[in-house]
Amino acid sequence: MADVAAVAGVSHQTVSRVLNDHPNVREGTRVRVLEAIKELGYRRNLAARALATAQTRTIGILTIGSEFFGPQSTVLAVEAAARAQGYFVTVTSMDSYDIGAAVTALNHLTDQSVDGVVVVAPHDQVTEAIDELKLKVPVVVVAARTNVPENDPVHYVFVDQRDGARQATEHLISLGHQKIVHVSGPTGWFDATERKVGWAETMAAAGYDAVEFPAESWLAPSGYDAGVSLAPRVKAGEITAVFASNDYLAIGLLRAFWEAGVSVPEDVSVVGFDDLQIAEFYIPKLTTVRQPFGDVGRAALAELLNDDPASSGPRMIAPTMIVRASTAPPARS
């Protein structure tokens, strides 16, 4: 930095102001400093800066496998928001969903002296690990957790999953459907639980039976297996609509129904959740609930940087119902 100051003909403090985008620097001076930086190939010594400020300006992100669209979309949004705020990001991915794996991953992040942690792994085993560790850095969890311990310092940010399921179910009911099956997500996942609750509550309020078909995973093969089992019941008139807990499950259903000769939406309507990019290009185009993952990522970073101990309650973000061609009124018998 002293070399940059000498070449630019300014003080060490002026170079520091330029590097930190301080507003009280003349434009001509800023240009000279930036040209000197370019000429000398200067790069900040981040280790020295961390020692001087007791901050690394690095945020740790704990996430899960890359095959899950929602968490990965949120991670990308957090990373972009962090970069815009001048923070670096280090990501640790879990390969299993148990407390031991979560504790190991969280300790790995905090050992790197991160300034805070964003957890994008909405599984109950992960939140149990967070409760157990009582981390000394700010923590934000992206998960629709409703059983948050009293006076918990952890902040929660999430899309209102229960409301999204309500919107999906009300859409089907508004079309005239009464025999609506929910292909639910796997156990242990907060989002799956909240979507199931939202669907069941809406069915009960309408006076209809809530019939659940649990899926073994979030992935399309599980949706396909569900579709193989449900297709005969559709043909028998026992089911007129299916609300799948995510778009991958819905796409698996569409494939199984097509192979079984069940037409969507003429024989059965199908609704997903997430609004994958492919949802609009499938045949038929998939009706689904859109999660604004970019908004979630930015909100998670904002909560982390604010770190207001006085704030209480989760920060919920509203989903949006996207109606496309996979839903229609039930066929008349």
Trainee: Classify the side-chain pair Ser184/Glu212 by whether it contains a donor and acceptor separated by less than 3.5 Å.
Mentor: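 The criterion, which ignores hydrogens and geometry beyond distance, is satisfied for Glu212 and Ser184.
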Trainee: Ring pair (Phe, Tyr, Trp, His ring centres under 6.0 Å) with Phe190: which residues, sequence neighbours excluded?
Mentor: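 Phe190 satisfies ring pair (Phe, Tyr, Trp, His ring centres under 6.0 Å) with no residue once adjacent residues are dropped.
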Trainee: What I want to check is whether the side chains of Thr202 and Thr169 have a donor and an acceptor closer together than 3.5 Å.
Mentor: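 Short answer, no.
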Trainee: Just so I know, are the side chains of Asp160 and Arg162 near enough to count as touching, which here means a heavy-atom distance under 4.5 Å?
Mentor: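 They are in contact (side-chain heavy atoms under 4.5 Å apart), so the answer is yes.
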Trainee: Which atoms form the tightest heavy-atom contact between Thr320 and Gln167, and what is the distance?
Mentor: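 Minimum heavy-atom separation between Thr320 and Gln167: C-OE1, 4.0 Å.
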Trainee: Under a 4.5 Å side-chain heavy-atom rule over Ile, Leu, Val, Met, Phe, Trp and Tyr, are Val4 and Val31 clustered together?
Mentor: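 Shared cluster, no.
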Trainee: Evaluate the criterion side chain to side chain contact (heavy atoms under 4.5 Å, CB included) for residue pair Val103 and Glu132; output intermediate values, then yes/no.
Mentor: CA-CA 9 Å; Val103 167; Glu132 178 181 307; 4.1 Å; yes
Trainee: To check you understand the geometry: which heavy-atom pair defines the closest contact between Val296 and Val157, and what is its length?
Mentor: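 Shortest heavy-atom separation between Val296 and Val157 comes out as O-CG1, 4.0 Å.
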Trainee: According to a hydrophobic-cluster definition based on side-chain heavy atoms being under 4.5 Å apart (Ile, Leu, Val, Met, Phe, Trp, Tyr only), do Leu254 and Leu276 belong together?
Mentor: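 Linked, Leu254 and Leu276 end up in one cluster.
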Trainee: Would you compute the distance between atom CZ of Arg166 and atom CD of Glu194 and round it to the nearest 0.5 angstrom?
Mentor: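 Arg166 atom CZ to Glu194 atom CD measures 13.5 Å (nearest 0.5 Å).
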Trainee: Is there a side chain to side chain contact (heavy atoms under 4.5 Å, CB included) between Met1 and Leu19 once you walk through the steps?
Mentor: CA-CA 10 Å; Met1 192 179 291; Leu19 289 170; 3.7 Å; yes
Trainee: Look up atom CZ in Arg195 and atom NE2 in His182, then write down how far apart they are to the nearest 0.5 Å.
Mentor: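 Going from CZ on Arg195 over to NE2 on His182, the span is 8.5 Å.
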Trainee: Work out which heavy atom in Ile64 is nearest to a heavy atom in Ala121; give both atom names and the distance.
Mentor: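 The pair with the smallest heavy-atom distance is CG2-CB, 3.5 Å.
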Trainee: Rounded to the nearest 0.5 Å, what's the gap from CG on Asp111 to CG on Leu106? Could you check?
Mentor: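 It comes to 10.5 Å.
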Trainee: Answer with yes or no whether the side chains of Thr287 and His171 bring together a donor and an acceptor at under 3.5 Å.
Mentor: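 Short answer, no.
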Trainee: If you compare all heavy atoms of Ala231 against all heavy atoms of Ala260, which two are closest, and at what distance to 0.1 Å?
Mentor: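 So the minimum-distance heavy-atom pair works out to CB-CB, 3.7 Å.
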Trainee: State, to 0.1 Å, how close Pro186 and Ala192 come at their nearest heavy-atom pair, and which atoms those are.
Mentor: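 Minimum heavy-atom separation between Pro186 and Ala192: O-CB, 3.6 Å.
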Trainee: Is any side-chain heavy atom of Thr90 closer than 4.5 Å to a side-chain heavy atom of Gln112?
Mentor: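 The answer is yes, as the side chains (C-beta and beyond) meet within the 4.5 Å cut-off.
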Trainee: Side chain of Arg17, backbone of His22: donor and acceptor closer than 3.5 Å?
Mentor: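 Absent.
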Trainee: Counting the benzene-type ring for Trp, do Tyr97 and Trp189 have ring centres under 6.0 Å apart?
Mentor: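 That pair passes the under 6.0 Å test.
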Trainee: Is there a side-chain contact between Ser229 and Phe213 (heavy atoms, below 4.5 Å)?
Mentor: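 A side-chain contact exists here, since the closest heavy-atom pair is under 4.5 Å.
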Trainee: For the CZ atom on Arg32, are there more than 12 heavy atoms of other groups (residues, nucleotides or ligands in this structure) within a distance under 6.0 Å?
Mentor: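 Yes, because the 6.0 Å sphere around CZ of Arg32 holds more than 12 heavy atoms from other groups.
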Trainee: Supply the atom-to-atom distance Glu79 CD to Leu301 CG, rounded to the nearest 0.5 angstrom.
Mentor: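 That separation rounds to 10.5 Å.
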Trainee: Would you check if the side chain of His123 reaches a backbone N or O of Asp98 as a donor-acceptor pair within less than 3.5 Å?
Mentor: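 Absent.
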Trainee: Using a 4.5 Å cut-off on heavy atoms from C-beta on, say whether the side chain of Asp247 contacts that of Phe69.
Mentor: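 Not touching, per the 4.5 Å side-chain cut-off.
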Trainee: Specify the closest pair of heavy atoms between Tyr87 and Thr58, including all atoms of both residues, with the distance to one decimal.
Mentor: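 Closest pair (atom of Tyr87, atom of Thr58, distance): CD2-N, 4.1 Å.
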Trainee: From Arg298 CZ over to Asp295 CG, what is the distance, rounded to the nearest 0.5 angstrom?
Mentor: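 One gets 5.0 Å once the value is rounded to the nearest 0.5 Å.
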Trainee: Give me the other members of the hydrophobic cluster that Tyr224 sits in, counting Ile, Leu, Val, Met, Phe, Trp and Tyr linked by side-chain heavy atoms under 4.5 Å, directly or via other members.
Mentor: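 Cluster partners of Tyr224: Val228.
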Trainee: Quick check on the hydrophobic clustering: are Leu286 and Trp258 connected, directly or via other members, by side-chain heavy-atom contacts under 4.5 Å?
Mentor: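 As far as the 4.5 Å side-chain criterion goes, Trp258 and Leu286 are not connected within one cluster.
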Trainee: Mind running side chain to side chain contact (heavy atoms under 4.5 Å, CB included) on Val114 and Ile59 for me, showing each step along the way?
Mentor: CA-CA 5 Å; Val114 295; Ile59 292 170; 6.0 Å; no
Trainee: Under a single-linkage definition using a 4.5 Å side-chain heavy-atom cutoff for Ile, Leu, Val, Met, Phe, Trp and Tyr, are Val270 and Leu175 assigned to the same hydrophobic cluster?
Mentor: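 They do not share one cluster, since no chain of ILVMFWY contacts under 4.5 Å joins Val270 to Leu175.
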Trainee: Keeping Ser222 on the side-chain end and Ala215 on the backbone end, is there a donor-acceptor pair under 3.5 Å?
Mentor: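 No.
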Trainee: If you define the side chain from C-beta out and look only at heavy atoms, does anything of Glu280 sit under 4.5 Å from Arg324?
Mentor: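 A side-chain contact under 4.5 Å exists here.
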Trainee: Side-chain heavy atoms under 4.5 angstrom apart, residues restricted to Ile, Leu, Val, Met, Phe, Trp, Tyr: same cluster for Val234 and Leu249?
Mentor: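 Same cluster.
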Trainee: Give the other cluster members for Val289, using side-chain heavy-atom distances under 4.5 Å between Ile, Leu, Val, Met, Phe, Trp and Tyr residues; answer none if it is isolated.
Mentor: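 The other cluster members (ILVMFWY side chains, heavy atoms under 4.5 Å, direct or chained) are Leu172, Ile173, Ile180, Trp199, Met203, Tyr208, Phe243, Val271, Phe273, Met321, Val323.
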Trainee: Within the distance-only criterion (no hydrogens, no angle test), does the side chain of Arg57 pair as donor or acceptor with the backbone N or O of Gln85 below 3.5 angstrom?
Mentor: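 Indeed, once roles are kept as given, a pair shorter than 3.5 Å links the two residues.
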Trainee: Taking the side chain as every heavy atom from C-beta outward, state whether Val262 and Lys235 have any atom pair closer than 4.5 Å.
Mentor: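 With C-beta onward as the side chain, the pair touches.
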Trainee: Which one of Asn246, Thr74, Asp274 satisfies the side-chain hydrogen bond (donor to acceptor under 3.5 Å, both in side chains) criterion with Gln291?
Mentor: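 That would be Asp274.
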Trainee: Can you tell if the side chain of Val118 reaches within under 4.5 Å of the side chain of Val89, non-hydrogen atoms only?
Mentor: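 Side-chain contact under 4.5 Å: no.
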Trainee: Checking Leu230 against Val183 for the side chain to side chain contact (heavy atoms under 4.5 Å, CB included) test, could you report, in this order, the C-alpha distance in whole Å, the side-chain angles of both residues, the deciding distance, and whether it holds?
Mentor: CA-CA 10 Å; Leu230 294 175; Val183 176; 3.9 Å; yes
Trainee: Give a yes or no on whether the backbone of Val120 and the side-chain of Thr63 come within a donor-acceptor separation of less than 3.5 Å.
Mentor: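 Indeed, once roles are kept as given, a pair shorter than 3.5 Å links the two residues.
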Trainee: Find the distance between CD (Glu238) and OG1 (Thr240) and round it off to the nearest 0.5 Å.
Mentor: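 Answer rounded to 0.5 Å: 11.5 Å.
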Trainee: If we only count heavy atoms from C-beta on, is the Leu76 to Gln72 side-chain gap below 4.5 Å?
Mentor: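 No; the side chains remain at least 4.5 Å from each other.
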